[in-house]
Amino acid sequence: MARPEGLGVFRLSCLFAVFEAACLLDTGMLFPRESSSREVKELNGVWNFRADRSPNRNRGFERAWYKRRLAETGPVIDMPVPASYNDITQDPTLRDFIGWVWYEREAVVPGRWIADEGTRIVVRVGSAHYYSVMWVNGVKVTEHKGGHLPFEAEIGALLRKDPTQPCRITIAVNNTLSLDTLPPGSIQHMSDKTKYPDGYFVQSIFFDFFNYAGIHRSVLLYTTPKAYVDDITVVTNFFDNTGLVQYKLSVRDAVSATISVTLMDKGGHCVASSSELSGDLKVKDVNLWWPYLMHENPGYLYSLEVRLKAADEKSAYEDVYTLPVGIRTVNVTSTQFLINNKPFYFHGVNKHEDSDIRGKGFDWPLIVKDFNLLKWLGANSFRTSHYPYAEEIMQMCDRHGIVVIDECPGVGIKDIRSFGNASLTNHLVVMDELVRRDKNHPSVVMWSVANEPAAEMPPADFYFKTVIQHTKALDPTRPVTFVSDSNYARDKGAPYVDVICVNSYFSWYHDPGHLELIPLQLNTQFENWYRKYQKPIIQSEYGADTVPGLHSDPPVMFTEEYQNIVLKNYHKVFDEKKKQYVIGELIWNFADFMTSQGVLRVVGNKKGVFTRQRQPKAAAFILKERYWRLANETGILPPWTKYPCSF
Ligand code: GCB
C-alpha cells in the first residue's frame, strides 16, 4: 500500500476498472434510505415463529409451511425481530436448537405502491444467521447463505398479481454450520447408544462466541422508481486544500437517462457537481474526514446527492439517493499507518454484537451506549471481530470518526477440509458481498479476511493468497490484513497482507499466572514478526478473563487486579515498540460476551473491560487513562476533551 506522493491521481484513475473486473456480484446493495423518490417501511416487531423439531428438521419444507399461515401448520410463538431467538424463551432446547426455524408476518403494503407499476417494491433483510430462504405469499423470492450480510428481493410484480392478498412474508433460517460455511463448523452425530439417544447430534464450532441465530437485523420494505440508482462507488483523495471525490454510478432500467450529481457540505451548500455517470468532483478548501481524537472536527461528512431522470414509453421516472461521503486517504508504509498522510495509531477495542436477551439482535440503545463508552474510553477504533456488523453501526463510525478494521466471518477455519474449493469460493463471495456493502464508508480503513485460521496446514498458503489478492483487486484503495496468533513461524497469510495483526495471550493461555513474562515474550513476538516481514504490526488481541468483583493482591488469574497488570505489562512494551513499527493496540474485549458452554468459560468469555451489561471493570479506567494520554500525545483534541478529560 505504500505509495510515493504524487502517484495518487494515476492510481485512482485505474481503480474502477479493477473494482468491476474482480467482483462476481452484478447488483449493488445500497443501504435503503428515504428520499423524495424512495420510501422505507420497517417490519420490525413481533413475528410468528416455529422451530422445526422434526428428526430431520425438514418437515417445514416437506409440508410446505410457507404456503399457508404459519399458525395453520402447528403451534407458533411470538418472536421479536430483530433478535436472536436463543435467549428469548425459557426453553433450553430452543436456546440450543440446531436446524430450521420459521418466521412469518403479514405486512401492510401501501395501496399506492401497488397501484403504481413504476414503483419497485423490495423486501430486504439486514442479516439472518446463517442460511435463509424467503417466500412472499407462498412464492420463493430469494435465498441467501451467510449470517452477517444483507439480502433482498424485488416483489412488486408478485404483489400486483393479486392486490387483494396481504403480503405474507415467510423466512426460514437455518443455523447449521458445515465445513464450507463461513464461519465453518460441523455436525457430530453421536452413535454410541449407551450414551446418547437415537438420532442425537451436536453442532461443533471452532470459534469462541455463542452461535446466536435468527433474524438479527431489520427487515424492511422499500421502494425505488422502476429506473433507479443501483450502486454508487466513491474513492477519495486530496491534494493540498483540494479534495477529490471520484465516483461511479450504476443505474438500472433507465432508457434515455439524465444524471445530476451534487456534492454538498454539512450546511447543504453545493461544493461540486456533475452530470456524468462517473467522474471526478473537486472540492476547494476541503474538510477532510478525520478520526475521533485526531482532529477537532472528526467525522466530517459531505452528502453526494444523485438524481436520475429517465423515461420509457409509459412514464417518466426520477430517483434520488443521497450517500454520505468522507474525504480521506489511507496509506501504509513499512512502519506506519497513514490517514490523510498523518501517522495514525489504533488505540481501540475488539467488539462483538452481543447482549443479554437480544443475543446478536440489532438494538439502538445498546449501540448508542457502546459509542458513548468508546468515546469515554478514548478509543479511536475497533475491529469487527469476527464478522461484519450492522450497517447502522458503520454509519455511526463514519459520523463519529471511529476507525474500523472490517472483518469478514473467516473465523475458526481450523479443519483441513475447510480449505477446499467450496470453502474458498464461498469465502470469495463473502468478500464480494462485504466490500460491496461497506466500500463507501470512510471509517473502514482496512479489510480483515480471517482470524487465527490453522495457518500451518499446507493448503492455507494458496487459500489465503487467493482470498487476499481477490480482496485487494476488489478494493485497491484499502490495505488488507489477516489476523494471526502469536506464532509467526507458521503464518501463511502474512506474506500477502499490508499490515500484520497479531493476537497473543501471554500469562493467560501461555504460562498462565506468570505476569512477569509478558514484557520479554511480547518483545520477542514483535521482533520476530518485524524481522521476518518488515510490515507494521497491530496487537489485535490481548487480555485476561476477569470476573467483576473478584479481587486478590498479589494478583491471581480471574481477578480485576490480574487483568490490570496484564494490561499494564503489555502497555510498557507497546510504548517502546510504537516508536518503531507497532501501529496499534486493540484490547480483547470491549465487553464480556456469551460463548458456548465449556470448562474454560464461566457464563461466557469474561475478557471484557466492561461487563456484558456495559459496566466498567477496574481495567476500563486503566485503559481510559492510557487512551486519553495517547490521544493527547498524537492528536489534536477539541478543548472539551483535553486530558485529563472531564468525563
Ligand atoms: C482469540 C480469539 C477470540 C477469543 C479469544 C479468547 O484468540 O480470536 O475469538 O475469544 O482469543 O478469549 O480466547
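Every value quoted in this text rests on a predicted model; they were computed, and no experiment measured them. These numbers come from the heavy atoms of this one structure, side chains and all, not from hydrogens, waters or symmetry mates.
- The main-chain N or O of Arg612 is never found under 3.5 Å from a side-chain atom of Asp356 such that the two would form a donor-acceptor pair.
- Both the sub-6.0 Å distance and the 45° axial angle are satisfied by Arg50 relative to the ring of Trp65.
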Please step through side chain to side chain donor-acceptor pair (under 3.5 Å) for the pair Thr471 and Gln469, ending with a clear verdict.
-> CA-CA 5 Å; Thr471 308; Gln469 287 180 347; over 6 Å; no

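- For the side chain to side chain donor-acceptor pair (under 3.5 Å) criterion with Ser37, the lone passing option out of Thr224, Thr223, Asp319 is Asp319.
- Shown are Tyr103, Trp102, Phe49; of these, the ring-ring contact (aromatic ring centres under 6.0 Å, His included) with Tyr85 is made only by Phe49.
- A donor and an acceptor atom, one from each side chain of Asp91 and Thr93, are located under 3.5 Å apart.
- Ring-plane geometry between Phe464 and Phe482 is classed as perpendicular, the angle between the planes exceeding 60 degrees on a 0 to 90 degree scale with a lower cut at 30.
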Assess whether side chain to side chain donor-acceptor pair (under 3.5 Å) is satisfied between Asn605 and Asp208, documenting all intermediate values.
-> CA-CA 8 Å; Asn605 186 309; Asp208 183 34; 2.7 Å; yes

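- Around atom CD1 of Ile416, more than 12 heavy atoms belonging to other residues, nucleotides or ligands sit under 6.0 Å away.
- Under a cutoff of 6.0 Å and an axis angle of 45°, Arg120 and Tyr228 form a cation-pi pair.
- No more than 12 heavy-atom neighbours from other residues, nucleotides or ligands sit within 6.0 angstrom of CD on Gln597.
- You'll find the ring centres of Tyr463 and His427 inside the 6.0 Å limit.
- For Glu353 and Tyr212, the side-chain atoms include no donor-acceptor pair closer than 3.5 Å.
- Sparse packing is recorded around CG of Asn421, with 12 or fewer heavy atoms of other residues, nucleotides or ligands lying under 6.0 Å away.
- Taking the ring pair (Phe, Tyr, Trp, His ring centres under 6.0 Å) definition, one finds that His144 meets it with Phe151, sequence neighbours left out.
- In this structure, a donor-acceptor pair under 3.5 Å is present between the side chains of Thr233 and Lys439.
- For CG of Asp198, the number of neighbouring non-hydrogen atoms (other residues, nucleotides, ligands) closer than 6.0 Å is 12 at most.
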Check the pair Phe593, Phe209 against ring-ring contact (aromatic ring centres under 6.0 Å, His included), reporting the backbone distance first and the verdict last.
-> CA-CA 7 Å; Phe593 57 92; Phe209 52 91; 7.5 Å; no

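- Within 6.0 Å of NZ in Lys369 there are 12 or fewer heavy atoms belonging to other residues, nucleotides or ligands.
- With a 6.0 Å radius and a threshold of 12 heavy atoms from other residues, nucleotides or ligands, Arg53 has its CZ atom above the threshold.
- Phe201 CZ: more than 12 foreign heavy atoms inside a 6.0 Å radius.
- Counting heavy-atom neighbours within 6.0 Å of Arg33 CZ, excluding the residue itself, gives a total above 12.
- Side-chain contact check for Arg95 and Asn86: no donor-acceptor pair (N or O, by modelled atom type) lies under 3.5 Å.
- When the options His148, His129, His216 are evaluated for a ring-ring contact (aromatic ring centres under 6.0 Å, His included) with Tyr387, the one that passes is His148.
- Ring-plane geometry between Phe590 and Phe610 is classed as tilted, the angle between the planes lying from 30 to 60 degrees on a 0 to 90 degree scale.
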